[in-house]
Amino acid sequence: MAAGRLVVSQYMPARDRNGRLVAGAKLRVLVNRTSSTNAPIFTASDLVTPLANPVVANSSGQFPAIWVDDADLYTVSITGPNGESIGNPSVFDDYASSEILSIVDEVAAAVTAPAIALIVAAGDAEVLAIGEEGTEQIGLVTTAGSTQVSAVETEGSEQVGLVEAAGTAQVAVVAAAAGAEYYADAAAGISGTSDGEFFLVVEDGRAVVYKNVSGVATEQTTYPTNDDVEGLAPLFVGVTSDNLFDPATGVDNAGVNSSGSVFSLARYGRLFIPVTAGQPYTISCAYAPTNWDLDQTAWVNFYNSASFGTGTLVDNSTASPQENDVVFSESGRTVSFTAPTGATYACVNAYNLTTATPDAAAYDALWAGVMANEGVGKAAFQAFVPAGTKDFPATVKNPTGRVRALLTGTSLYVWQPMWNDPTRASVRLISYGDTPSTSEAGTVDMIAHRFVDASYDQDLIELAYNAGESVWASIDNGPPFKFNGQYLGGGHGLAGAYNVTITGHGLTNTDVGDVGTISAKSWVLVRVVDANTITIVAANTGASETLWTITGSPAPGASGTITFASAGAKSYTASAATQIWPLVQNYTLSAKMEGETDLVDGTPANGSYFELRESYGIPNPANWLATLISEKGTATPKALNDPAITTQLYVDQVWRFDRFGAMTGYGTYRAGQEFEIRSTDYFGAWQHQTLIKTSHTLWQYMAGVASAIGGYDFTATADITSNSAERALLTSNVSDAAKPSAVFAQFLKLSGNPVLGLAHGYMTTTGVGKPAERADNTYLFRLSSSEKMYPVAIDGGAFPSGLVPAGTVMQVGFWDQCYDMSDTPTRTVDAVYEHAGKVYRVVDIHDTITYGSLDVPAELVGKPVEVVESQGGFTLHSDEFVPAGGLTYSVSGGYGRAIIAIG
């Protein structure tokens with residue numbers, strides 16, 4: 001039988017969800033698609049000496065070589081030392097080994113006394129087998145990170161190498177025959193060889209190995225040149241870290257007391273670092289979840305041994321009175337100190353402020369976020385690296401991808417660079433993958449946005465987010481659609497519904513569909529919640545089933561009687577407004593890097609852009625109520641999102657996160673049935689929570705507004721910190737009817753100086769964002785009394801009849817970006833986004849500038865430019881292509897704005 005090596009690149013070395021190496025991780029090889037039957041595995045390619053199964057990783061998470069019979073498929077399972085999950089996926093079915101020796105043996109038969117060297121480089125290179133010196137050699141090198149490097153040396157002269165950089169678990173096979181001859185082309189090689197023989201052809205400066213397979217030249221592989229191979233050697237370098245804390249040494253549910261003894265107690269965690277007497281140190285959990293601190297016991301213990309106890313305690317030091325320079329800061333999440341004479345270890349206690357019994361995952365998140373460094377003051381976070389570790393540097397591991405994404409459960413983190421500030425990046429937190437249920441929509445929702453230090457490794461997105469600077473944070477940013485007087489879709493369910501308390505009501509599912517009245521208003525029983533609670537929805541009072549009206553006003557009130565047609569009168573003692581979920585039909589969702597590669601839970605991914613896609617149908621609620629009424633008596637009444645309920649609106653939503661830090665969105669909405677867009681109904685495609693203001697003032701900007709709205713001059717920018725009323729921008733308010741406002745921004749001022757901006761707008765070159773499309777709107781933008789922003793893409797003004805016919809398709813594109821204003825305070829909008837192969841530079845400037853320089857991403861130098869739209873006193877002087885020093889422009893009259901297409 002032929003031997004193959006089993007390689008699971010995702011876990012070699014073994015790392016957990018936070019990127020930490022897992023010492024003692026276990027890899028079990030099973031008979032394919034079984035859960036308990038071990039497969040035979042071996043220590044070497046001769047398949048003679050059995051290898052213990054499961055295989056245990058060393059202290060650096062490295063597994064020894066695992067050899068198997070390559071004729072079989074296997075199930076591979078990876079866990080932590082105690083069987084706990086360390087990632088997802090952790091079980092792989094139908095797993096194939098790397099078919100190494102079977103192919104090499106074929107090559108060996110064609111040459112004289114070959115020597116085959118199989119070299120695996122994981123950390124330091126480990127030579128598994130080396131042939132005779134001075135003879136032809138065939139080599140295989142496999143490096144960490146699923147990058148394969150192979151080299152062939154023929155009689156000490158020619159070197160041929162293969163580099164295969166593909167994130168796969170397959171090991172590349174280097175097969176070259178020293179006795180094989182070079183031919184001018186493949187046809188000559190076939191003529192000069194017999195079936196099964198190998199030959200070489202030089203193509204484009206590289207040696208290509210062919211095999212004669214029944215007279216057909218079958219390419220086996222292509223080798224780079226000697227220079228290519230030699231250039232790889234410096235890439236595999238030693239890795240160090242300034243972080244002194246090894247996460248593997250953190251002890252859950254434990255601590256040390258003031259006398260030096262250890263104790264076991266829930267919600268505490270014990271952590272220690274090696275120290276040198278006289279040296280200052282800082283330990284911080286500020287990069288961990290915010291419910292952990294270090295000052296609950298408010299001391300630092302110093303020991304002369306890693307065996308902690310009263311006999312090894314050098315000193316128990318506190319901040320008050322201060323001993324050994326102990327200072328707690330950052331709400332107790334950071335402590336600095338100086339190690340006293342005789343100390344070799346310092347130990348502190350972590351404490352969970354919110355959870356009495358934290359689980360293992362909570363402790364894992366704590367340990368992963370601890371940073372301990374020499375010096376006073378916490379350093380930027382670095383992952384702990386065991387001594388002697390080698391790896392590719394970040395510039396090699398992530399040479400092209402600048403956008404990163406990490407999914408952990410239903411929390412999705414998206415990292416984007418800030419194109420004009422290489423020291424910072426932005427990370428968005430998104431709710432992803434929640435299951436639509438009776439209590440929530442389950443659709444995508446933007447939860448928060450933070451600026452972070454750009455030096456974080458790509459595997460530490462979650463830690464970077466935890467330590468970042470909050471820009472905004474609040475749910476309900478998913479776009480609903482308001483038609484027939486109701487908000488539906490996005491995070492919204494069906495309103496006009498109430499949970500009513502009727503003690504011992506005696507109703508069952510067979511009563512669902514019964515129609516009751518409260519003060520002459522009709523209500524439909526739609527759900528029996530429990531023995532004392534039912535849910536009712538206001539009956540349709542609209543002109544038809546498609547042009548429905550379902551309103552919860554007047555409300556049932558705190559108490560009263562509902563009289564059902566069949567169940568009779570029921571007295572209720574309480575009622576509470578609710579919404580009906582799940583609303584969405586045929587829901588689909590995907591998260592893909594560069595629109596192609598699916599995101600895997602727990603595995604960071606990177607690329608040039610990241611994309612979320614969501615599609616669903618919004619059911620007709622009046623048809624649902626009618627169905628419940630007509631099917632009354634069934635034991636399984638239909639849910640609102642049942643496929644049998646008529647779909648009234650089809651929704652397709654795409655969010656794209658680009659390499660410039662912007663989010664762009666594309667919405668396509670099709671009317672499955674006709675519906676009404678009433679005076680306040682609209683489709684926005686996007687809405688946004690307000691910026692976080694602490695000691696800041698909050699300012700609002702709307703482009704191209706001619707007159708004040710509610711006393712606010714929004715084009716000049718307005719302080720809305722104390723606003724308490726809704727403000728609506730009408731089409732009649734704009735200065736140029738042909739250019740309805742499509743750019744909006746909020747920004748923060750600190751001590752009168754702009755520091756942070758958030759701009760968003762519609763793409764004016766596509767869909768209903770085109771000025772001619774939105775010019776018919778009644779409304780262009782709404783600002784709530786809590787300063788939440790509701791841009792309007794299309795409303796009833798675009799449909800004079802007030803009706804949207806069945807089959808109508810509406811498409812809208814939008815963009816959104818946060819930016820630092822500290823150095824450019826008069827750029828109220830300062831955005832860059834990518835769309836349809838072009839890059840758009842959006843600027844709104846409140847200043848007078850003569851021949852200024854407008855910066856653009858360096859990669860755009862030489863690209864053609866076009867002013868798509870401008871207002872005020874903006875003039876673009878370099879209007880042919882992008883110069884090396886940026887675009888040259890002027891602004892007269894103290895205000896100007898432009899949207900510039902580049903490319």
Side-chain angles (χ1 to χ4, degrees), residues 428-432 440-449 471-483 485-493 495 579 583-584 612 614 616 618 649 651-657 662-669 677 680-692 698 700-703 714 720 723 725-730 740-747 757-763 767-769 774 777-796 810-818 829 831 833:
R428 301 174 195 253
L429 175 59
I430 302 167
S431 176
Y432 175 92
E440 66 172 315
T443 52
V444 167
D445 197 8
M446 309 293 158
I447 296 177
H449 192 165
V471 177
W472 57 264
S474 189
I475 60 173
D476 194 26
N477 295 290
F481 311 90
K482 193 178 183 188
F483 61 94
Q486 277 248 28
Y487 288 102
L488 297 171
H492 290 256
Q579 295 186 41
L583 175 77
V584 298
L612 292 178
E614 180 180 57
Y616 55 87
I618 295 178
L649 181 68
V651 177
D652 183 87
Q653 195 83 20
V654 176
W655 292 270
R656 183 171 295 159
F657 304 85
M663 179 185 74
T664 53
Y666 302 89
T668 300
Y669 318 117
I677 286 195
T680 59
D681 291 351
Y682 73 99
F683 285 24
W686 178 236
Q687 59 192 38
H688 211 297
Q689 294 286 355
T690 184
L691 294 173
I692 293 176
L698 179 66
Q700 181 71 48
Y701 167 73
M702 304 178 193
F714 287 116
I720 59 170
N723 177 60
E726 180 179 305
R727 310 297 177 183
L729 171 61
L730 304 175
S741 303
V743 176
F744 314 97
Q746 277 188 358
F747 61 97
L758 162 66
H760 54 112
Y762 292 112
M763 297 175 182
V768 299
R774 292 182 70 240
N777 280 5
T778 302
Y779 293 89
L780 298 173
F781 184 84
R782 294 175 181 272
L783 181 71
S784 77
S785 59
S786 61
E787 289 74 57
K788 185 176 178 180
M789 295 170 282
Y790 296 90
V792 178
I794 192 167
D795 69 5
M810 294 165 282
Q811 292 188 293
V812 60
F814 63 89
W815 57 271
D816 167 291
Q817 190 166 44
C818 291
V829 175
Y833 70 87

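What's counted below: heavy atoms across the whole structure, side chains too, no hydrogens, waters or symmetry copies. Predicted, not measured: the structure shown is a model, and the values here were computed from it.
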(message) Run the side chain to side chain contact (heavy atoms under 4.5 Å, CB included) test on Thr664 and Met763 for me, step by step, so that the C-alpha distance in whole Å, both residues' side-chain angles and the decisive distance to 0.1 Å come before the verdict.
(response) CA-CA 9 Å; Thr664 53; Met763 297 175 182; 3.7 Å; yes

So, taking the atom named [atom1] in [X] and the one named [atom2] in [Y], what distance separates them when rounded to the nearest 0.5 Å?
{"X": "Leu730", "Y": "Arg782", "atom1": "CG", "atom2": "CZ", "value": "8.0 Å"}
{"X": "Tyr666", "Y": "Gln811", "atom1": "OH", "atom2": "CD", "value": "11.5 Å"}
{"X": "Ile720", "Y": "Phe714", "atom1": "CD1", "atom2": "CZ", "value": "6.5 Å"}
{"X": "Ser785", "Y": "Arg727", "atom1": "OG", "atom2": "CZ", "value": "9.5 Å"}
{"X": "Tyr487", "Y": "Phe481", "atom1": "OH", "atom2": "CZ", "value": "13.0 Å"}
{"X": "Leu612", "Y": "Tyr432", "atom1": "CG", "atom2": "OH", "value": "6.5 Å"}

(message) Using side chain to side chain contact (heavy atoms under 4.5 Å, CB included), reason through Leu758 and His449 one step at a time and then give a plain yes or no.
(response) CA-CA 11 Å; Leu758 162 66; His449 192 165; 5.9 Å; no

(request) Please determine which of Val792, Asp681, Leu488, Ile677 meets the side chain to side chain contact (heavy atoms under 4.5 Å, CB included) test together with Lys482. (result)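 Only one option passes, and that is Asp681.
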
(request) Give me the one residue out of Phe814, Trp815, Tyr833 that meets side chain to side chain contact (heavy atoms under 4.5 Å, CB included) with Met663. (result)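 Among Phe814, Trp815, Tyr833, the one that satisfies the side chain to side chain contact (heavy atoms under 4.5 Å, CB included) with Met663 is Phe814.
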
List the atom of [X], the atom of [Y], and the distance in Å for their closest heavy-atom pair.
{"X": "Gly490", "Y": "Ala441", "answer": "O-CB, 3.5 Å"}
{"X": "Tyr762", "Y": "Ala793", "answer": "OH-N, 3.0 Å"}
{"X": "Leu583", "Y": "Ile618", "answer": "CD2-CG2, 4.5 Å"}
{"X": "Glu614", "Y": "Val444", "answer": "OE2-N, 2.8 Å"}
{"X": "Gln687", "Y": "Pro791", "answer": "CA-CD, 4.1 Å"}
{"X": "Ser784", "Y": "Tyr790", "answer": "CB-CE1, 3.9 Å"}

Does the side chain of [X] reach to within under 4.5 Å of the side chain of [Y], using non-hydrogen atoms?
{"X": "Pro740", "Y": "Asn777", "value": "no"}
{"X": "Ile430", "Y": "Met446", "value": "yes"}
{"X": "Phe744", "Y": "His688", "value": "no"}
{"X": "Asn723", "Y": "Gln700", "value": "no"}
{"X": "Gln486", "Y": "His492", "value": "no"}
{"X": "Tyr669", "Y": "Val812", "value": "yes"}

(message) Going by the rule side-chain hydrogen bond (donor to acceptor under 3.5 Å, both in side chains), which residues pair with Arg428 if we only count those two or more places apart in sequence or in a different chain?
(response)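 Partners of Arg428 by the side-chain hydrogen bond (donor to acceptor under 3.5 Å, both in side chains) criterion, ordered by chain and then number, come out as Gln416, Asp816.
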
(request) With sequence neighbours left out, write down each residue that passes salt bridge (charged side-chain N to carboxylate O under 4.0 Å, His left out) with Glu440, or none if nothing qualifies. (result)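 Result, salt bridge (charged side-chain N to carboxylate O under 4.0 Å, His left out) vs Glu440: none returned.
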
(message) Between Gln746 and Glu787 (side chain of the first, backbone of the second, donor and acceptor by atom type, cut-off under 3.5 Å), is there such a pair?
(response)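 Flag set: sc Gln746 to bb Glu787 pair under 3.5 Å.
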
(message) Strictly distance-based, threshold 3.5 Å: is any side-chain N or O of Asp445 a donor or acceptor partner for the main-chain N or O of Ser431?
(response)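 Checked: no pair found.
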
